[in-house]
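Heads up: the structure comes next, in structure tokens.
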Number of protein chains: 2
Amino acid sequence: MSSAGDTREAIMQAGRLAVQAHGYNALSFRELAKEVGIKSASVHYHFPTKGDLAAALAGRYADEAEAFLAELSASGQGHDEVMRAYAGAFRLALANENRMCLCGIMTAEYDDLPPPARTEVDRFARVNVEWLARTLAARRPGETARALEPRAVAIFAAIEGAQLIARGRKDVAAFDQIVTTYQSIGLLD
Amino acid sequence: MSSAGDTREAIMQAGRLAVQAHGYNALSFRELAKEVGIKSASVHYHFPTKGDLAAALAGRYADEAEAFLAELSASGQGHDEVMRAYAGAFRLALANENRMCLCGIMTAEYDDLPPPARTEVDRFARVNVEWLARTLAARRPGETARALEPRAVAIFAAIEGAQLIARGRKDVAAFDQIVTTYQSIGLLD
DNA sequence: ACCTGAACACCGTTCAAGT
DNA sequence: ACCTGAACACCGTTCAAGT
């Protein structure tokens with residue numbers, strides 16, 4: 001039994017894993033087609049160009065991040081636990097066969113992305129930074145989220161960098177160690 | 001007049017700029033050949049495979065980093081100036097048409113690199129971390145460089161992340177702001 | 001609505017052939 | 001020593017044709 005959108009969904013699942021492992025440039029419609037069990041021309045029926053698929057993948061990734069962060073904020077956990085859970089989301093990609101944040105790897109390939117894909121990658125970054133700024137502001141009575149944005153950007157950059165460097169070491173423990181160091185000097189407070 | 005190694009050198013110059021802008025996967029021997037004024041088959045004479053060129057580029061990049069850092073240590077500047085100059089080296093890539101650290105972008109493509117290229121990318125990371133650990137140890141009488149390596153790794157990751165995120169924003173000022181935030185919380189001390 | 005084969009201009013790589 | 005054209009199996013993309 002197959003229902004409407006199943007093939008499109010299978011393409012996105014395979015595409016997401018491929019991009020998180022090898023990046024946008026290395027993504028192959030022919031390999032994707034083989035995995036899904038169709039011909040490469042059929043992939044183009046669902047996603048006219050590689051850029052369209054990339055935009056769809058990044059868009060969904062940003063949506064999922066938004067939902068995850070909203071839930072995390074509503075979880076009632078303390079600040080330290082919340083920040084640990086935030087870092088844990090990036091840890092998950094590394095634990096999944098040394099993959100990266102989909103938008104992190106696409107940021108490295110930024111110049112090769114068509115504008116619609118860039119827009120979604122930018123949105124993922126914005127979702128992260130704005131959530132971090134609000135989370136930081138929640139425990140600082142006098143300060144606004146707006147004023148804390150520079151600090152939020154720094155945290156986001158530091159976490160993405162930790163993932164990148166840990167990936168190069170093929171060692172999730174390196175990510176944990178870096179995040180622990182960030183915590184110990186108060187970057188995540 | 002052309003001397004021995006001129007063509008090989010021209011390939012490396014063009015290749016370096018291309019990788020820093022678009023990454024290893026997007027590098028094209030045919031485009032490189034056009035820029036240099038030879039045929040793509042001739043590029044293979046100098047670098048048998050794309051992986052060989054990537055390894056040569058990363059190897060030279062690591063060598064240059066090593067030389068730059070040795071000079072910086074010998075410059076007699078204070079710690080804050082030295083760390084500003086360190087960040088300034090990463091800033092330079094961004095200022096050069098929004099490019100990235102050659103090894104940073106290749107770390108994102110780690111899974112697609114042949115082993116010899118990975119070795120050089122790893123060496124670049126090691127050169128940075130060891131220099132940072134020694135630099136941190138120089139102003140901490142009781143502590144060894146070895147013991148400060150976790151902190152050195154965290155600094156390296158944070159700087160690479162700052163470059164990645166600033167690149168996504170196409171804004172060198174974002175890099176400066178992130179580094180300033182790192183400084184203000186004492187990450188670079 | 002969804003899939004396909006065939007064609008196009010690209011790509012890295014190989015190799016026999018040139019100078 | 002250095003370069004080349006031609007070939008190979010790949011790639012994204014298009015399109016007329018199928019069901």
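Chain A is the first sequence line, chain B the second, and so forth, proteins listed ahead of strands; every chain is numbered from 1.
Atom pair B:Lys39:NZ and C:dC15:P shows a separation of 22 Å (rounding to whole Å applied). When the C1' atom of C:dC3 is taken as reference, atom CD1 of A:Ile11 falls 11 Å away, rounded to whole Å. As rounded to whole Å, 16 Å separates atom C1' of D:dT19 from atom CD1 of A:Ile38. Between the NZ atom of A:Lys34 and the P atom of D:dC11 there is a distance of 6 Å, given to the nearest Å. Separating the CD atom of A:Glu31 from the C1' atom of D:dC10 is a distance of 10 Å, rounded to the nearest angstrom. We find that CG of A:Asp52 is positioned 12 Å from C1' of D:dG12, with the value rounded to whole Å. The nearest whole Å value for the distance from the CG atom in B:Leu32 to the P atom in C:dC11 is 11 Å. When rounded to the nearest whole Å, the span between CZ of B:Arg8 and P of D:dA1 equals 14 Å.
Neither B:Met100 nor B:Leu17 shares a network with the other; the hydrophobic side chains, linked directly or stepwise wherever heavy atoms of I, L, V, M, F, W or Y lie under 4.5 Å apart, form separate groups for each.
Contact annotation: A:Ser28 reaches the phosphate of D:dG12 (side-chain N/O to OP1 or OP2, under 4.0 Å). Phosphate contact (OP1/OP2 of D:dA1, side-chain N/O of B:His46, threshold under 4.0 Å): absent. Considering only side-chain N and O atoms, A:His44 lies nowhere under 4.0 angstrom from the phosphate OP1 or OP2 of D:dC15. Here A:Ser42 reaches the OP1 or OP2 of C:dT4: one of its side-chain N or O atoms lies under 4.0 Å away. In this structure, B:Thr7 reaches the D:dC3 phosphate: one of its side-chain N or O atoms is under 4.0 Å from OP1 or OP2.
Ion pairing of A:Lys34 with A:Glu31 is absent here, as no side-chain N (NZ or NE/NH1/NH2) approaches a carboxylate O to less than 4.0 Å.
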Does A:Ile105 form a side-chain contact (heavy atoms from CB on, under 4.5 Å) with A:Arg167? I'd like the steps, not just the answer. CA-CA 11 Å; A:Ile105 199 164; A:Arg167 174 180 162 82; 4.2 Å; yes
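Searching all strands for a Watson-Crick or G-U wobble partner of C:dC3 with both distances below 3.5 Å returns nothing. When Watson-Crick and G-U wobble pairs are counted only if both distances are under 3.5 Å, C:dC11 pairs with no nucleotide at all. Under the Watson-Crick or G-U wobble criterion, with both distances below 3.5 Å, D:dA17 is left unpaired in every strand shown.
With the nearest nucleotide of DNA chain C identified for both B:Lys50 and A:Gly37, A:Gly37 has the one nearer the 5' end.
For the pair B:Lys50 and B:Phe29, the cation-pi test (distance below 6.0 Å, angle within 45°) is failed.
Within 4.0 Å of B:Leu27, counting heavy atoms only, lie sugar-phosphate atoms of the nucleic acid but no base atom.
When each of D:dT13, D:dA6, C:dT4 is scored by its nearest atom to the side-chain atoms of A:Ala41, the top-ranked nucleotide is C:dT4. In the set C:dT13, D:dT4, C:dC2, C:dC2 carries the atom at the smallest distance from any side-chain atom of A:Tyr45.
Ring geometry, A:Tyr61 versus A:Phe124: the interplanar angle falls from 30° to 60°, so the pair is classed tilted.
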